[in-house]
There are 2 protein chains.
Amino acid sequence: MASRQKTSRKAAGTKAAIRRPQARAANGRAQSGDTGDDIGLDALVGHAGYAVRRFQLWIFQDFIKTLATVDIRPTQYSVMTVVGANPGLSQMAVAKRLGIERARLVHLLDSLEERDFVSRIASATDRRSHALHLTARGRTALAQFKRLAAEHERHVAEKIGKENRERLLQILACFT
Amino acid sequence: MASRQKTSRKAAGTKAAIRRPQARAANGRAQSGDTGDDIGLDALVGHAGYAVRRFQLWIFQDFIKTLATVDIRPTQYSVMTVVGANPGLSQMAVAKRLGIERARLVHLLDSLEERDFVSRIASATDRRSHALHLTARGRTALAQFKRLAAEHERHVAEKIGKENRERLLQILACFT
DNA sequence: ATCAATTGTTGTCGTCAACAACAATCTTTC
DNA sequence: GAAAGATTGTTGTTGACGACAACAATTGAT
């Protein structure tokens, strides 16, 4: 135990030993055989943020796994989808539409351009901005991505139920 | 434009100029007055992940803003809530229950212990593990946090509707 | 007694949001 | 038409966060 005590664990052992008086002796639970399933969450249940965080974690992992063969992540997919549906958009417009910072979009487009999915074309009307387009390769690739994304969406429907998924989309439509 | 061209922008200007032939002349949209509201999302609408991402972004920002006066973030709140409802839990049990990695929980508890909200007490039965408890200060603090969190939850209800919020919680209950 | 598993910890890596600065360029205003 | 202000793409930094991999201390099983 030497290393754990002498290293930088600021106050774990020490403080705890001092503050003992008020330490309620672990109300019946303590560290017995906690499988992690019988632990109450108290106020946490009923918090939308907590449920959404867990859900988003699950849904992103499934998306990444389902599109692992093509190595496309959710944000990259969203960028290509928007650009594909609206060719010629500026980076600013895409960033604003997707709720991404334009600073972040720079790197996203760098990688997508390296893979020859997207191209930044100098705008004719505004020499500051770039008109974004899918390349020919990007268009055929996006078609495949959409098939895989649809498969991912089926996973979601299996997980929470087909009608629940649609209800969810309807509830959250104001954020898209 | 010197710096933008000569610096490390790998292929923006150069490549784009070369790949010109196939560049469809921006189908009517181009870079006119894009306010960002009239941009189609195509397949993106209908993707649960996208809607959930945007929602989680909003909900976390509101949570952080609503609890800014006490400087508590969502994850910190979830830890204190679970520990408060289940005193004596080990770090492993808390991490598993909340879907946090135990490596990450270490830092979370470090900060909460520095602020005297939580204390790690050496377990009597297992000298490896720590029994987690709220301090007296932590208990009174958590009570205030819960009031502020309830206010945040009201913001959510205002945003998506009271009944929609409850429907949402019901749909995502399997993830909590 | 020995070997595998567990617990807390440290460290690294990559993703992501949030800011702040900057050069180039556009737009407005006088 | 020139100066002032706003916009666009870019670079950089910061911090929260998830994922992994190691490690020492300890426990439990063989």
Side-chain angles (χ1 to χ4, degrees), chain A residues 1-10 12-13 16 31 33-36 53-54 56-58 60-61 63-65 71 73-76 78 89-96 98-111 113 120-123 125-132, chain B residues 1-10 12-13 16 31 33-36 53-54 56-58 60-61 63-65 71-76 78-79 89-96 98-111 113 120-123 125-132:
Chain A
M1 143 179 318
S3 100
R4 209 184 301 176
Q5 292 290 26
K6 73 160 176 271
T7 48
S8 63
R9 280 283 31 269
K10 293 132 201 159
Q31 44 283 109
D34 278 318
T35 63
R53 171 183 159 271
R54 298 296 297 258
Q56 198 214 4
L57 218 53
W58 181 90
F60 265 52
Q61 282 172 349
F63 187 99
I64 294 173
K65 195 192 309 175
D71 191 29
R73 303 181 45 79
T75 317
Q76 296 175 315
S78 71
L89 282 186
S90 69
Q91 298 186 193
M92 193 62 202
V94 172
K96 202 183 300 180
L98 289 177
I100 303 175
E101 285 197 41
R102 62 189 202 277
R104 166 130 188 74
L105 189 58
V106 172
H107 302 295
L108 283 169
L109 289 175
D110 283 350
S111 74
E113 204 172 29
R120 297 186 242 220
I121 301 181
S123 165
T125 62
D126 188 337
R127 286 161 62 196
R128 293 171 302 179
S129 65
H130 297 156
L132 300 177
Chain B
M1 154 178 304
S3 102
R4 210 184 299 178
Q5 293 289 26
K6 73 161 176 272
T7 50
S8 62
R9 278 282 34 265
K10 291 133 200 157
Q31 45 283 105
D34 278 318
T35 62
R53 171 183 161 270
R54 298 296 298 257
Q56 140 131 1
L57 218 53
W58 182 90
F60 265 53
Q61 284 172 347
F63 187 98
I64 294 171
K65 195 192 308 175
D71 191 28
I72 284 290
R73 302 180 52 79
T75 317
Q76 297 174 314
S78 70
V79 170
L89 281 187
S90 70
Q91 297 186 192
M92 193 60 202
V94 171
K96 202 183 300 180
L98 289 178
I100 304 174
E101 286 198 40
R102 61 190 203 279
R104 166 124 190 78
L105 189 58
V106 171
H107 301 294
L108 284 168
L109 288 173
D110 283 350
S111 74
E113 203 172 28
R120 295 186 243 221
I121 301 181
S123 164
T125 64
D126 188 337
R127 287 162 59 194
R128 292 173 303 183
S129 66
H130 296 156
L132 300 177

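Chain identifiers are assigned alphabetically (A, B, ...) following the order of the sequence lines, protein sequences preceding nucleic acid strands; residue numbering begins at 1 within each chain. As the structure is a computational prediction, the values presented were derived from the model and not from experiment.
At least one side-chain heavy atom of A/Met92 sits under 4.5 Å from a side-chain heavy atom of A/Arg102. Residues B/Val79 and B/Ile100 are in side-chain contact: their nearest non-hydrogen atoms beyond the backbone lie under 4.5 Å apart. Side-chain contact check for B/Ile121 versus B/His130: every heavy-atom pair is 4.5 Å or farther apart. In this structure, B/Arg53 and A/Pro74 have side chains that are not in contact, with every pair of non-hydrogen atoms separated by 4.5 Å or more.
Across D/dT10, C/dT10, D/dA6, the shortest atom-to-atom separation from the side chain of A/His130 is found for D/dT10. Minimum atom distance to the side chain of A/Arg73 is reached by C/dC16, of the listed C/dC16, D/dT10, D/dC17. Nearest nucleotide to the side chain of A/Arg102, out of C/dT7, D/dT10, D/dC17: D/dT10. When distances run from any side-chain atom of B/Gln91 to the nucleotides D/dT10, D/dT8, C/dT9, the shortest one goes to C/dT9.
Residues passing the side-chain hydrogen bond (donor to acceptor under 3.5 Å, both in side chains) test with A/Arg54, sequence neighbours excluded: A/Tyr50.
Between the CD1 atom of B/Ile100 and the P atom of C/dG8 there is a distance of 13 Å, given to the nearest Å. To the nearest angstrom, P of D/dA19 lies 9 Å from CD1 of A/Ile64. Rounded to an integer number of Å, the gap from A/Leu132 CG to D/dT8 C1' is 12 Å. For B/Leu105 and D/dC17, the CG to C1' distance is 13 Å, given to the nearest whole Å. Rounded to an integer number of Å, the gap from CH2 of B/Trp58 to P of C/dA17 is 18 Å. Put simply, NE2 on A/His107 is 8 Å from C1' on D/dT10, counting in whole angstrom units. As a whole-Å value, the separation of A/Leu98 CG from C/dC16 P is 13 Å. Straight-line distance from the CG atom of A/Asp126 to the C1' atom of C/dT27: 10 Å, rounded to whole Å.
Looking at heavy-atom distances under 4.0 Å, B/Leu57 makes contact with sugar-phosphate atoms alone, never a base. Using a 4.0 Å heavy-atom cutoff across all strands shown, B/Glu101 reaches at least one base atom of the nucleic acid.
For B/Thr75, no side-chain nitrogen or oxygen approaches OP1 or OP2 of D/dA16 to under 4.0 Å. The shortest distance between the side-chain N/O atoms of A/Arg53 and the OP1/OP2 oxygens of D/dA16 is not below 4.0 Å. At least one side-chain nitrogen or oxygen of B/Arg104 sits closer than 4.0 Å to the OP1 or OP2 atom of D/dG18.
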* Evaluation steps, side-chain contact (heavy atoms from CB on, under 4.5 Å), between B/Gln76 and B/Ile72 -> CA-CA 6 Å; B/Gln76 297 174 314; B/Ile72 284 290; 4.0 Å; yes

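If you check distances only, the side chain of B/Arg127 never reaches the base of D/dT26 with a donor-acceptor pair under 3.5 Å. Under 3.5 Å, the side chain of B/Arg128 and the base of C/dT6 form at least one donor-acceptor pair of N or O atoms.
Residues B/Pro74 and B/Ala103 each lie close to DNA chain D; by heavy-atom proximity, the contact nearer the 5' end of the strand is made by B/Pro74. Between B/Met92 and A/Gly99, the residue anchored nearer the 5' end of DNA chain C, judged by the nucleotide with its closest heavy atom, is B/Met92.
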